[in-house]
Participant: 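One structure, pasted below without further comment.
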Amino acid sequence: MRLTRYFLPVLKETPAEAQIVSHRYMLRAGLIKQAAVGIYSWLPLGLKVLRNIERIVDEEQQKAGHIPLLMPTLQSADLWRESGRYEAYGEEMLRIKDRHGRDLLYGPTNEEMITDIFRSYVSSYRDLPKTLYHIQWKFRDEMRPRFGVMRGREFLMKDGYNFDVDRESALEAYDRHMVSYLRTYERMGLKAIPMRADSGPIGGENTHEFLVLAETGESEVFYDSAILDLQLADRVVNYEDPNQLKEIVAEWTAPYARTDETHDPALFNEVPEERRRSSRGIEVGQIFYFGTKYSEAMGATVTNAEGQRVPVEMGSHGIGVSRLVGAIIEASHDEKGIIWPEGVTPFHVGIVNLRQGDAETDAACAGIYAGLQALGLDPLYDDRNERAGAKFATMDLIGLPWRITVGPKGLKNGVVELVSRRTGESEELPPEQAVEKIARIYAYI
RNA sequence: CGGGGCGUAGCGCAGCCUGGUAGCGCAUCUGUUUUGGGAACAGAGGGUCGCAGGUUCGAAUCCUGCCGCCCCGACCA
C-alpha cells in the first residue's frame, strides 16, 4: 500500500481522553475512533491488526479440531429464561424490544444459544465429542468502560463450547483448549500465563485465566517466575493425543500462578523467594469446565452406551480478540510508539523514501515495493512528500517491525538500510537482499 | 450507580472568576525555499463557544435543566 493512497489518520498530539499507553497509541496511530462510551470504529490499520489476531485464533482452533460456526449478536430472551440467566445477568445485559414487543438481547455470551443448537440435533453419545466455536461481537453494558478496547462495551470475542459424554472426556477437552490457547498467544508474540482463577457467574469447578503481564492490567497476579521460561516453540503437538496434552498442561500448571481471587499466600511462600513475583496482568482469555450446569437446565441430553439419557458434559472457552489488540500494545511499545510482533503487524515492512521526487530514489523504492509484493508480502510505502523526520516518526508510531530506508546517499553505494523497530539495529545491504531478508523473516511466522 | 472533573476551529488548549468585536499552537490550503529524525518564510480558509431555557441593552462568560465525555470505586473477555 502506498501511504498517499491509504487512510491513515495519525495524530501528533494525544487526545485528552486517553490515559493508558495502548489507548493513546491506538488513537494516535489511527487504529480506532470512539463512537460512544466503550464502542469503537476500527479504522483501516486497526482492522488489519484485528483481522490478523482473529485469523491466528481461528487457525489454531481448527488445528485443535474445533468447528467454526456463527451465531447472531441478537438473541431471544426466551432461551435465557430457560437457563435462569435472563434475570440473573443483571444490568450488564443490553435488553431490546422489537416492534412486536418481544424481548431480545444483544448477546454477552452464547452458552444458551449453543446449547439450544446442540440439543436440537445431537442425541447420541456416538456424535460426541464436539467443540463448536465462533468469533462474534458481544455486548456487555459495563458500569464503567475504560482503557479503550481493553474494557469496551462492544467487543470481539472467540467463544467456544465443548460437548462430551462424560467427565473424563470433558477434562481432555479442557487440556486441549489450554494447549491450543498457549499456542495461539505464542503466535501473537505474547507471553500469556495460565492462572488458576475464579469461575465467576459462568460457574463451574475448573477454570484458568490467561494473563498478559502489564503495569496497566486490572488484575493482581502472583506467580513463580519459572513459568516465564516455558515455551511451546517448535514442539509438535498432536491434539489427538490426550496424554501429550495432559503432560503439557501439567508442565504449565506446576509453577504457582494465581490471580488475587484464588491467591493462597501459604502455598505461594513455598516458591523459592527469588522466583516469587507479584505484578499486574491483563486477562486475555479464560477456559472453564462446568459439567452439566447448562445442559441440565436446558435439557441437553444424549443417550450413552448403556442406553441411559444423561445431560451432556460441557465447558466453555473465550479469547478477547479485540482486547488483545490493546494487550499486545501494552506488552510491546516504547516512547516512540507501538512495536508490533511479526505475527500480528498490519504491514510486514515499511519503506521510507527519504527524497521523494528524486528519480533514482523513487525508482529504487518502487522496485523494492514491487519485489516485496511479488513475494506475497504486504509493505507500506511512505511516498508522501515529507521530510525524513516526519516519515520516521510516523513509522515508529505505527510500529511496523521492519523498515527499509531508501535515500540518495545509500543508493550512491548501492545500498539501502534495513532497520528493526524493536532493537533499532540497522544494516546496510543492496535492495534485493533487503527484500530477501524480509521474506526469510516472515517465512517462519 | 456513588464520588470528582471536563465540553470553545480537525487535534491540544487559553479566554469564564470581574458580561461588551472569539484567540493561541499544531493540522489544512496557496506560493517560494528546503529535504538522512516531526522544516522556514509569506499569505489564506475554518468556530450557531455541547443543547435548550432564563437573567441582561448585551452571554463563551451569570442561573436552571438536559446531553456527551474523562478519572476513582464496586462489576467484568
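Just so it is clear, the structure is predicted and the values come from calculations on it, not from any experiment. Chain letters run A, B, ... following the sequence lines, proteins first and then strands; every chain starts at 1.
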Participant: Hey, could you give me the OH/CD distance between Y181(A) and E209(A), rounded to the nearest 0.5 Å?
Facilitator: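 With rounding to 0.5 Å, OH (Y181(A)) is 12.5 Å from CD (E209(A)).
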Participant: Closer to the 5' end of RNA chain B via nearest nucleotide, is it A36(A) or R146(A)?
Facilitator: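 Its nucleotide being nearer the 5' end, the pick is A36(A).
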Participant: From CZ of R24(A) over to P of C71(B), roughly how many Å is that when rounded to an integer?
Facilitator: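 R24(A) atom CZ is separated from C71(B) atom P by 12 Å.
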Participant: Say we look at C26(B) and A42(B): how far apart would their P atoms be, to the nearest angstrom?
Facilitator: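 Roughly 12 Å separates the two P atoms.
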Participant: Would you compute the distance between atom CD of E60(A) and atom CD1 of I319(A) and round it to the nearest 0.5 angstrom?
Facilitator: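 The CD atom of E60(A) sits 9.5 Å away from the CD1 atom of I319(A).
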Participant: What does C57(B) pair with, Watson-Crick or G-U, if both distances are under 3.5 Å?
Facilitator: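 G20(B) is the nucleotide pairing with C57(B).
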Participant: Salt bridge or not between D103(A) and K97(A)? Use side-chain N to carboxylate O under 4.0 Å.
Facilitator: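 Yes.
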Participant: Once you apply the 3.5 Å cut-off to both distances, tell me the Watson-Crick or G-U wobble partner of G45(B), or none.
Facilitator: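 For G45(B), the partner nucleotide comes out as none, under the 3.5 Å rule.
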Participant: If I take atom CH2 in residue W137(A) and atom C1' in nucleotide A77(B), what distance separates them, rounded to the nearest angstrom?
Facilitator: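 Going from CH2 in W137(A) over to C1' in A77(B) covers 12 Å.
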Participant: Between E59(A) and K63(A), does at least one N-O distance fall below 4.0 Å, as a salt bridge requires?
Facilitator: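 So E59(A) does not pair with K63(A) through a salt bridge.
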Participant: With rounding to whole Å, what would you report as the distance between G15(B) and U8(B) at their P atoms?
Facilitator: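 After rounding to an integer number of Å, I get 14 Å for this pair.
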Participant: Under 3.5 Å for both donor-acceptor distances, Watson-Crick or wobble: does G7(B) have a partner, and if so which one?
Facilitator: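 In the structure as shown, G7(B) has C67(B) as its Watson-Crick or wobble partner.
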Participant: Which base sits across from A39(B) as a Watson-Crick or G-U pair, both distances under 3.5 Å?
Facilitator: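 By the stated definition (distances under 3.5 Å), U33(B) pairs with A39(B).
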Participant: List the protein contact pattern of nucleotides 33-43 of chain B with one symbol per nucleotide (5' to 3'): B for base contact, S for sugar-phosphate-only contact, - for none; contact means a heavy-atom distance under 4.0 Å.
Facilitator: -BSBBBB----
Participant: Before we go on, tell me: are the rings of Y161(A) and Y133(A) under 6.0 Å apart, centre to centre?
Facilitator: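 That pair fails the under 6.0 Å test.
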Participant: In whole angstroms, how far is the C1' atom of C69(B) from the CD1 atom of I39(A)?
Facilitator: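 Rounded to whole Å, this separation is 13 Å.
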Participant: Using the P atom in both, what is the distance from A14(B) to G25(B), to the nearest Å?
Facilitator: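 16 Å, rounded to whole Å.
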Participant: Between D382(A) and R2(A), does any side-chain N to carboxylate O distance fall below 4.0 Å?
Facilitator: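 Result for this pair is no, no salt bridge flagged.
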Participant: To the nearest Å, how far apart are H23(A) NE2 and C69(B) P?
Facilitator: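 Checked: the NE2 to P distance equals 12 Å.
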Participant: For Q34(A) and C70(B), is the shortest distance between a side-chain N/O and OP1 or OP2 below 4.0 Å?
Facilitator: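 Answer yes for this pair, as a side-chain N or O of Q34(A) is under 4.0 Å from OP1 or OP2.
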Participant: Between A77(B), C69(B), C75(B), spot the one nearest the side chain of V37(A), thanks.
Facilitator: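 Looking only at heavy atoms from C-beta outward on V37(A), the closest nucleotide is C69(B).
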Participant: Name the pairing partner of C1(B), where a pair is Watson-Crick or G-U wobble with both distances under 3.5 Å, or state none.
Facilitator: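 Paired with G73(B).
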Participant: Tell me what G152(A) touches on the nucleic acid: a base, only sugar-phosphate, or nothing, going by heavy atoms under 4.0 Å.
Facilitator: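 The residue G152(A) makes base contact.
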Participant: In whole angstroms, how far is the C1' atom of A27(B) from the CD atom of E13(A)?
Facilitator: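 Interatomic distance, CD of E13(A) to C1' of A27(B): 9 Å.
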Participant: Could you check whether any side-chain N or O of E283(A) sits under 3.5 Å from a backbone N or O of L211(A), counting only pairs where one atom can act as donor and the other as acceptor?
Facilitator: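 Flag not set: sc E283(A) to bb L211(A) has no pair under 3.5 Å.
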Participant: What interatomic distance, in whole Å, is found between P of U48(B) and the corresponding atom of C41(B)?
Facilitator: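 Per the computed distance, 30 Å lies between those P atoms.
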Participant: Rounded off to whole Å, could you give me the NZ-to-P distance for the K138(A) and A77(B) pair?
Facilitator: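 Rounded to whole Å, this separation is 13 Å.
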Participant: If you measure from the P atom in G46(B) to the same atom in A52(B), how many Å do you get, rounded?
Facilitator: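 Here G46(B) and A52(B) have their P atoms 23 Å from each other.
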Participant: Using atom P in both nucleotides, what's the gap between C71(B) and G53(B) to the nearest angstrom?
Facilitator: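 That atom pair is separated by 32 Å.
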Participant: Any salt bridge between K130(A) and D164(A), counting N to O under 4.0 Å?
Facilitator: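 No.
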Participant: Say you pick atom C1' in A27(B) and the same atom in C13(B); how far apart are they, in whole Å?
Facilitator: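 Taking atom C1' in both A27(B) and C13(B), they lie 14 Å apart.
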Participant: Heavy-atom nearest nucleotide on RNA chain B for A18(A) versus G285(A): which residue maps closer to 5'?
Facilitator: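 The residue whose closest nucleotide sits nearer the 5' end is A18(A).
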Participant: Quick check on A77(B): is either OP1 or OP2 less than 4.0 Å from any side-chain nitrogen or oxygen of R153(A)?
Facilitator: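 For A77(B), OP1/OP2 do not have a side-chain N/O of R153(A) under 4.0 Å.
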Participant: Which whole number of Å gives the distance between the P atom of U32(B) and that of A22(B)?
Facilitator: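 Result for the P pair: 35 Å, nearest Å.
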Participant: Do the two ring centres, one from H317(A) and one from F288(A), sit under 6.0 Å apart?
Facilitator: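 Between H317(A) and F288(A), the centre distance exceeds or equals 6.0 Å.
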Participant: Could you state the CD-C1' distance from E91(A) to G2(B), rounded to the nearest angstrom?
Facilitator: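 Roughly 15 Å, once rounded to whole Å.
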Participant: In whole angstrom, give the distance that lies between atom CG of D260(A) and atom P of C75(B).
Facilitator: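 For the pair D260(A) CG and C75(B) P, the rounded distance is 10 Å.
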Participant: When you measure from the side-chain N and O atoms of R144(A) to the phosphate of C72(B), is any distance below 4.0 Å, counting only OP1 and OP2?
Facilitator: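 Answer is yes, contact under 4.0 Å.
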